[in-house]
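What follows is a set of notes on a single structure, which appears directly below.
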Amino acid sequence: MLVFTLAAIGIAAYLFVLDREITHRFEDRRWSLPARVYAAPLAIYAGLAMNPNELVRELRRLGYREAGNRSELGMGRYLVFGESIRATFRPFRFADGERGALPVEIRFTAGRVASVSGTYGPLRYARLEPPVIGSFFASHGEDRMVIAPPETPPLLIETLKAVEDRNFESHIGFDIRGMLRAFWTNVRAGEIEQGGSTLTQQLVRSYYLDNRTTIARKLKEIAFAVILEARFEKADLMNAYVNEIFIGQDGARAIHGFGLGSYFYFNKPLIELNAHEIALLVAVINGPSYYNPFRHPERAKRRRDLVLATMRELALIDQSAFEQAVGRPLSLTRTREGGRYYPAFMDLVRLELASDYDRATLSEEGLAIHTTLDPRKQQAAESAAKDTLAAIERDRKIPAGTLQAAMVVRASQTGDVQAMVGGRQPGRQGFNRALNAKRPIGSLIKPLVYLAALETGRYSLATPVEDRALTLPEFGDYSPTNHDGEFHGTVPLVRALGDSLNVASVRVGLDVGIADIAARLGEATGRYPPAYPSLLLGAYDASPFEISEIYASFASGGFRTPANAVTAVLDARGKTIKRYPIDVEQTADPRDVAALTRGLQIAMERGTGRWSPLADSGVAGKTGTSDDYRDSWFAGYDANSLAIVWIGRDDNQSHGLSGSRGALRVWNALMAQTDIVPALTNETQTVSIDYASGLLAMPHCGGTVSIPGPVGRELSWKSGCEPRE
């Protein structure tokens, strides 16, 4: 008797401890909620360069579906009629506040947005919710998106009960009748159509227990389920199930919960799913690998149709809806939720966040990270790199797949990083050449040399400089030569810059001071090179991102705007934790930078950039080529954006491409997809000079360029180009 008493006391004590442990853990459940990284939202306003097809493409990127008529224009739907689009934008918590669902009508004309209006009249702008471009899921790969009960379709709840647990509302955690019914159904079908476990048991397996199939584990599972049922409401258990159940695998990422599953399989919110889509998600949970619709579509469709039949049998859908649903294809959209993954840009995001957040915070606390990435520019950059490299290899008989590219695109005035390409294969994680490939920059350094000259007040774009043989005994008889092997005598500074004349550039740099140039490089990149004359011709290794830091001050008119990738971080409740404001510091006189920009525009019109079909569009740019044609560079900007492009080979072998024959072509392909606005220059007072000689010349005379004036000294008129009487 004592033995039984002690055993009873022991069992009671064990159940008491077990009850406390299970209850506490469930009440305090903290799912690993990875930080989600969002692109910049697309703001649509009158005057925006966009046509209806481009907007439709953006809507589809976010999982919007075309409506059949105006009555179907619910949330996440759009309708095209002529030059107008009507849509209902989804609610979203932006970095600056929450917005509800927004019905809009957008009218277009001549390739631009003509007007934006809402329910109550015209709108200054309307923002699309931004796509997710990455996440920081935990090291074990678990990823989910927590859904509140109001965001869960009632049809999903009822279908889960119908297929997985018909007695959910009445059982105490396990269901003997359900087990027997599932056994008999499976015997008749000759395959597993129903499981015997209740939803609560499935939740226990997912939340508390391992995957061992032993009698002891099964008994423990039932005990856990009974305790949960005794302590918590059915609605709480169902909500936990909706957010916890394993529903698929995306490489190293385990997809948990119907919220994330909806995006993983259909690229849209759970609340917007149709009957056939809900049926597929419910079908998949019975065996996410066995019924993987990407790998086994026919098997998954058979299982989906069985679920639909159950839904019809229990009057969750009517006969017409059933027939329509079983006739639908799986309609899968293989994408990360609301967007794509951009590994090169994500590397930059990690760098910016590293000083403020540890790995656990980023992978567990459900942060929302808002960034500067522009999906349209990112897509343009990726396609420009991939397509142009293939064309260059084909045109120049270079072995296919041997060239690599990197690119950084930034907003000219704010420094925001809008796109980043780390290699020619979009979306592939690997070596990030944009951030980490430090290569000789060649002539990209020369604008620094000429800006330093302009700042002395002793130089203007018209100042004559000597492009004659030069030997420097104090530097080991260093003797620079020009790319074409010739010397060009006395030339104006603007031509020395535009034609990228090495000897003239070294002479100017020596006069200004090599140490000054080295200091400017160090300030931009954090690495201070030794002051040797070869530095003036680009004997300095830098990444495309570091080059963007240098050229950003040119594009912004003389202001340093350090690269921003992150704009704000919000917690799981939508409260702003931190904002990342634009940091602006003046680094040069805007008048000197405007003169340099005009010189770089002329470099495009008359110099090494003249091969570009965009040379006369007002863009400013500079080519760069390293020794033996190992690196091909181009840096170009207009009033809106700055882009740095590098082409080379990972084995550092020569590819035979100068900056104008390689990187410039990639930049051309990128900018052909954007709306170019001429770079900002000071045009209040100008003079015309002959590009070749620097002599004054009237605009009607061939070979002239317009430069900022006054030029600082009296110039002679070029013969035959004087003012007409």
Side-chain angles (χ1 to χ4, degrees), residues 348 352 372 408-418 441 444-461 463 493-494 497 508-509 511-529 531 535 540 542 544-567 579-601 603 618-622 635-644 677-686 707-710 712:
L348 182 60
E352 286 199 26
T372 59
V408 178
V409 182
R410 296 172 60 163
S412 292
Q413 304 307 312
T414 65
D416 290 348
V417 179
Q418 299 173 321
I441 65 175
L444 289 190
I445 198 174
K446 289 175 181 173
L448 270 182
V449 176
Y450 289 102
L451 177 60
L454 292 169
E455 288 178 332
T456 66
R458 296 183 285 108
Y459 288 86
S460 73
L461 293 182
T463 300
L493 184 140
V494 69
L497 173 61
V508 172
D511 182 50
V512 172
I514 306 174
D516 183 21
I517 310 304
R520 291 166 185 260
L521 273 176
E523 289 171 4
T525 66
R527 294 179 292 109
Y528 291 82
L535 177 67
Y540 179 78
F545 180 75
E546 290 173 330
I547 293 297
S548 78
E549 292 282 68
I550 296 170
Y551 275 76
S553 64
F554 306 157
S556 65
F559 297 88
R560 178 178 292 131
T561 51
N564 282 332
V566 179
T567 58
R579 293 190 181 277
Y580 293 76
I582 298 172
D583 184 14
V584 180
E585 176 190 359
Q586 185 171 342
T587 57
D589 189 317
R591 292 171 297 182
D592 295 325
V593 177
L596 175 68
T597 292
R598 179 58 191 141
L600 293 174
Q601 287 178 327
V619 295
K622 186 70 188 77
Y637 59 92
D638 67 355
N640 288 333
S641 63
L642 159 70
I644 311 297
V677 178
L680 302 177
T681 59
N682 184 2
E683 300 293 345
T684 57
Q685 185 177 358
T686 62
I707 63 171

Inset, instruction - Identify the two heavy atoms, one from A588 and one from V593, that lie closest to each other, and give their separation to 0.1 Å. - result: CB-CG2, 3.6 Å
Legend entry - Shortest non-hydrogen contact between A542 and I441, atoms and distance: CB-CG2, 3.6 Å
Identify every side-chain donor-acceptor pair in residues 558-567 under 3.5 Å, counting partners at least two apart or on other chains, and give the distances.
from: T567; atom 1: OG1; to: H370; atom 2: O; distance (Å): 3.1

Inset, instruction - List for me each residue that meets salt bridge (charged side-chain N to carboxylate O under 4.0 Å, His left out) alongside R458, sequence neighbours excluded, and say none if there are none. - result: D511
Legend entry - Partner set under ring-ring contact (aromatic ring centres under 6.0 Å, His included) for Y551, not counting sequence neighbours: F554
Inset, instruction - Check salt bridge (charged side-chain N to carboxylate O under 4.0 Å, His left out) between E549 and all other residues, then give those that pass, not counting sequence neighbours. - result: R410
Inset, instruction - Keeping the roles fixed (side chain from T681, backbone from T597), state whether a donor-acceptor pair exists under 3.5 Å. - result: no
Legend entry - Atom of L600, atom of P447 and distance for their closest heavy-atom approach: CD2-CG, 4.0 Å
Inset, instruction - Hey, could you give me the NZ/OH distance between K622 and Y637, rounded to the nearest 0.5 Å? - result: 12.5 Å
Inset, instruction - Check whether any side-chain N or O of S412 sits under 3.5 Å from a backbone N or O of D638 as a donor-acceptor pair, and report yes or no. - result: yes
Inset, instruction - Could you pull out the closest heavy-atom pair between I517 and A452, with the gap in Å? - result: CD1-CB, 3.8 Å
Inset, instruction - Would you name the heavy atoms of L454 and L596 that are closest together and state the gap between them? - result: CD1-N, 3.9 Å
Inset, instruction - Enter the distance from L497:CG to K446:NZ here, rounded to the nearest 0.5 Å. - result: 9.0 Å
Legend entry - Residue pair L535, L521: steps toward the side chain to side chain contact (heavy atoms under 4.5 Å, CB included) verdict: CA-CA 10 Å; L535 177 67; L521 273 176; 3.6 Å; yes
Inset, instruction - Go through the steps for R520 and L451 under the test side chain to side chain contact (heavy atoms under 4.5 Å, CB included), then give the verdict. - result: CA-CA 11 Å; R520 291 166 185 260; L451 177 60; 4.1 Å; yes
Legend entry - CD1 on I550 to CD on E523, rounded to 0.5 Å: 11.0 Å
Legend entry - Qualifying residues under salt bridge (charged side-chain N to carboxylate O under 4.0 Å, His left out), relative to D592, sequence neighbours excluded: none
Inset, instruction - Measure the spacing between OG1 of T372 and CD1 of I582 and express it to the nearest 0.5 Å. - result: 10.0 Å
Legend entry - For G621 against A603, the heavy-atom pair lying closest together: O-CB, 3.8 Å
Legend entry - Partner set under salt bridge (charged side-chain N to carboxylate O under 4.0 Å, His left out) for D583, not counting sequence neighbours: none
Legend entry - Main-chain N/O of Q413 paired to S556 side chain as donor or acceptor, under 3.5 Å: no
Legend entry - Contact check, side chains of I547 and P544, non-hydrogen atoms, under 4.5 Å: no
Inset, instruction - State the CZ-CD1 distance between F545 and I644, to the nearest 0.5 angstrom. - result: 11.0 Å
